[in-house]
Amino acid sequence: MNAVGKIIFALTSFATTAALAADLEIMHEYQSNPYKLSDDAPGSRLVRASIYHQEIFELPKKREFRLSAEGRHDKLLDVSEGDATLVKLRGRLVNRYRFGDRSASLLFTGDAGTKRAAYIDQRTSAPLQTSRGEDIRERFSYNFLKPSAEFTFRWNSQLSTGIFMAAERRDYISDYEELGLEALDYTELSIQPTLRYKTEGTYSRAYVYARERSYDNRMIDDINGRNISGSELQFSLNGFGLSHQRDITANWTVEAFLSGYSVQDNGVGYSNSDAISLNLSSEYQFGNSRSLDLEGTCMRRKNAFSRTPDSEDIDIGRQREGCELTTAYEQPVMSESKRLKLRVEIRRSWEENTESIRSYDQWAVSVGFNYRW
């Protein structure tokens, strides 16, 4: 048994009770524009399978240990590329404390997982390539490991403050160094103070964060986007988030979430960027366990210089702005059982990009089943 297994065994062996939660969903979807092309876009069917499983163990001294795993796979049926897979494992240890009439908690979390995808060039609808025509479709697939801790102090039944700290390690599957590309692997350190306020029918949250990202073997770019020999690239990321959730009625909840961030490199600013997004959502519960969810997200991201395909993501263009709107309806398949539900989703998304060939419009309709136990 390895070290991780011994820790899990030691924690779970003292558990007095255990709670189980799981969720399996399979959706069949049609997308009008899976490659997000600006025109002449082929449509495609896809199958999306996702699963989530969690076990909760109650430990002595008001502690709690949670184990969870989730996975998702998107399989395109009518076009040859673009499949994506995400797997994530999480372990959490919750410690609770009392200080007179006040309480606090200390949460330790360990996340690990992998993201795999075949990336498609929006300009050509072919797998991503270098300017010399070399295939780099796995450029942005990676493994990750993220330990974190958060201390929360509750001043009263409504107000609490917290401090969150994390270290994330990301290793990209294929660096393509044999093609002359730089490795994208990095380590990122984060700190995030949070303020929460909760009443009987509302929940509000505000936070700011600072992150420092250090790349292993990636050089700073000069004002023309060319590497500065002997340099080592670092990013400073500063962001915020504001959210407010309100129960309009006993069956209807709405939420607004505003967030944004800015990125600065340690060079001349070739990689500098900033972004802001607004998310509005509504959840309505009908009788007989039926529900209707509405969600809309709009974002704007801009930077002074157009990003190159050698960046750590696929966001290209000096300014991008767009929205995504989703409507989802669920109802039980059998009235005597509420675990198996029919789910229908309609989604529309679009984006305007200063590099017009990367602007796109997309809509999708999906039908499937969700089983919870």
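L77 and S44 make their closest contact through N-OG, 3.8 Å (heavy atoms, listed as atom of the first residue, atom of the second, distance). The heavy-atom pair separating A149 from F108 by the smallest distance is CB-CD2, 3.9 Å. Of all heavy-atom pairs between Y176 and D135, the closest is CE2-O, 3.6 Å. Looking at every heavy atom in both residues, N353 comes nearest to S359 through N-OG, 2.8 Å. Contact between S277 and L258 at its shortest, heavy atoms only, is O-CD1, 3.4 Å. Residues D78 and G43 share a closest heavy-atom pair of CB-O, 4.3 Å.
At least one side-chain heavy atom of E255 sits under 4.5 Å from a side-chain heavy atom of S243. Side chains of T202 and R246 form a contact here, defined as non-hydrogen atoms less than 4.5 Å apart. Looking only at side-chain heavy atoms (C-beta outward), I357 and D39 stay at 4.5 Å or farther from each other. Contact annotation: the side chain of L184 approaches that of F140 to within less than 4.5 Å [non-hydrogen atoms, C-beta and beyond].
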**Asked** Does the side chain to side chain contact (heavy atoms under 4.5 Å, CB included) test come out yes or no for D221 and I228, once each step is laid out?
**Response** CA-CA 6 Å; D221 292 329; I228 299 176; over 6 Å; no
**Request:** Decide yes or no on side chain to side chain contact (heavy atoms under 4.5 Å, CB included) for L106 and Y97, but give the supporting numbers first.
**Result:** CA-CA 8 Å; L106 179 59; Y97 310 95; 3.9 Å; yes
**Request:** Show the numbers, then the answer: is there a side chain to side chain contact (heavy atoms under 4.5 Å, CB included) between R116 and N143?
**Result:** CA-CA 9 Å; R116 306 292 181 94; N143 300 323; 3.9 Å; yes
**Message:** The test is side chain to side chain contact (heavy atoms under 4.5 Å, CB included); show your working for N217 and D185 and say whether it passes.
**Reply:** CA-CA 8 Å; N217 295 294; D185 305 336; over 6 Å; no
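Rounding to the nearest 0.5 Å gives a distance of 13.5 Å between OG1 of T194 and CZ of F151. We find the CG-CZ distance between L128 and R139 to be 9.0 Å, quoted to the nearest 0.5 Å. Once rounded to the nearest 0.5 Å, the distance linking CG of N251 with CG of L292 reads 12.5 Å. Distance OH/Y203 to NE2/H244: 12.0 Å, rounded to 0.5 Å. A distance of 10.5 Å separates CE in M219 from CG in L233, rounded to the nearest 0.5 Å. The line from OH of Y215 to CD of E188 is 8.0 Å long, rounded to the nearest 0.5 Å.
Considering only residues two or more places apart in sequence or on other chains, Y52 meets the ring pair (Phe, Tyr, Trp, His ring centres under 6.0 Å) condition with none of them. Partners of R48 according to the side chain to side chain donor-acceptor pair (under 3.5 Å) rule, which considers only residues two or more places apart in sequence or in another chain, are E29, D74.
Judged purely by distance below 3.5 Å, without hydrogens or angles, the side chains of N370 and R372 pair a donor atom with an acceptor atom. Checked by atom type, the side-chain pair R92/T109 shows a donor-acceptor distance below 3.5 Å. No side-chain donor from either of T253 and Q245 sits under 3.5 Å from a side-chain acceptor of the other. For N279 and T297, the side-chain atoms include at least one donor-acceptor pair closer than 3.5 Å. Looking at S214 and T187, their side chains never bring a donor and an acceptor atom within 3.5 Å of each other. Counting only N and O atoms by type, the side chains of W155 and T161 include a donor and acceptor under 3.5 Å apart.
With respect to D216 and R169, a salt bridge is recorded, a charged nitrogen being found less than 4.0 Å from a carboxylate O. Salt-bridge annotation for R196 and E150: present, with a side-chain N of the basic residue lying under 4.0 Å from a carboxylate O of the acidic one. Between D361 and R348 a salt bridge is recorded (basic side-chain N to carboxylate O distance below 4.0 Å). With salt bridges taken as basic N to acidic carboxylate O contacts below 4.0 Å, none links E58 and R66. Using a cutoff of 4.0 Å between basic side-chain nitrogens and carboxylate oxygens, E81 and R137 are scored as salt-bridged. Salt bridge status for R72 with E70: absent, with no side-chain N to carboxylate O gap under 4.0 Å. Between R96 and E64, at least one side-chain nitrogen of the basic residue sits less than 4.0 Å from a carboxylate oxygen of the acidic one, meeting the salt-bridge criterion.
Annotation: F164 is not in aromatic contact with Y209 [ring centroid separation under 6.0 Å not met].
Counting only distance, with no hydrogens or angles, the side chain of R205 and the backbone of Y197 share no donor-acceptor pair below 3.5 Å. The backbone N or O of E295 lies less than 3.5 Å from no partner atom in the side chain of T326, so there is not a single donor-acceptor pair. Panel note: side chain N266, backbone Q234; a donor-acceptor pair is recorded below 3.5 Å. Under the 3.5 Å distance criterion, the side-chain polar atoms of D222 are matched with a main-chain donor or acceptor of G225. A donor-acceptor distance shorter than 3.5 angstrom exists from the side chain of D265 to the backbone of Y270, with no hydrogens or angles considered. Not a single donor-acceptor pair under 3.5 Å links the side chain of D111 to the backbone N or O of K88. Without hydrogens or angle criteria, R132 side chain to L179 main chain gives a donor-acceptor distance under 3.5 Å. One N or O on the side chain of D121 and one on the backbone of R123 form a donor-acceptor pair closer than 3.5 Å. Between the side chain of T114 and the backbone N or O of Y142, at least one donor-acceptor pair lies under 3.5 Å. Looking only at distances, a side-chain donor or acceptor of Q362 sits under 3.5 Å from a matching main-chain atom of N33.
Hydrophobic clustering of Ile, Leu, Val, Met, Phe, Trp and Tyr side chains at less than 4.5 Å, counting indirect connections, unites L342 with L24. One hydrophobic cluster holds both Y371 and V367 under the rule that ILVMFWY side chains link at heavy-atom gaps under 4.5 Å. There is a path of hydrophobic side-chain contacts, each under 4.5 Å, that joins L59 to L67. Linking Ile, Leu, Val, Met, Phe, Trp and Tyr residues whenever their side-chain heavy atoms come within less than 4.5 Å places F257 and Y261 in a single cluster. Cluster annotation: I248 and L280 are assigned to distinct hydrophobic clusters (Ile/Leu/Val/Met/Phe/Trp/Tyr, side-chain heavy-atom contacts under 4.5 Å, transitive).
Connectivity analysis of hydrophobic side chains (ILVMFWY, heavy atoms under 4.5 Å, direct or indirect) links W350 to L325. Residue V94 belongs to a hydrophobic cluster whose other members are L107, with links defined by side-chain heavy atoms closer than 4.5 Å.
Note: Y172 and Y186 have tilted aromatic rings, judged against thresholds of 30 and 60 degrees for the angle between ring planes. Taking the six-membered ring where tryptophan is involved, the planes of W252 and Y284 are perpendicular, since the angle between them exceeds 60° and thus also 30°.
Annotation: disulfide (SG to SG under 2.5 Å) contacts involving residues 323-373, sequence neighbours excluded, comprise C298-C323. Residues in residues 23-42 take part in these ring pair (Phe, Tyr, Trp, His ring centres under 6.0 Å) pairs, two or more places apart or across chains: Y30-W363.
Just one residue in the list R358, R320, K36 forms a salt bridge (Lys or Arg N to Asp or Glu O under 4.0 Å) with E351, and that residue is R320. Evaluated for a side chain to side chain contact (heavy atoms under 4.5 Å, CB included) with R290, the options Q331, E330, K341, K338 yield exactly one hit, Q331.
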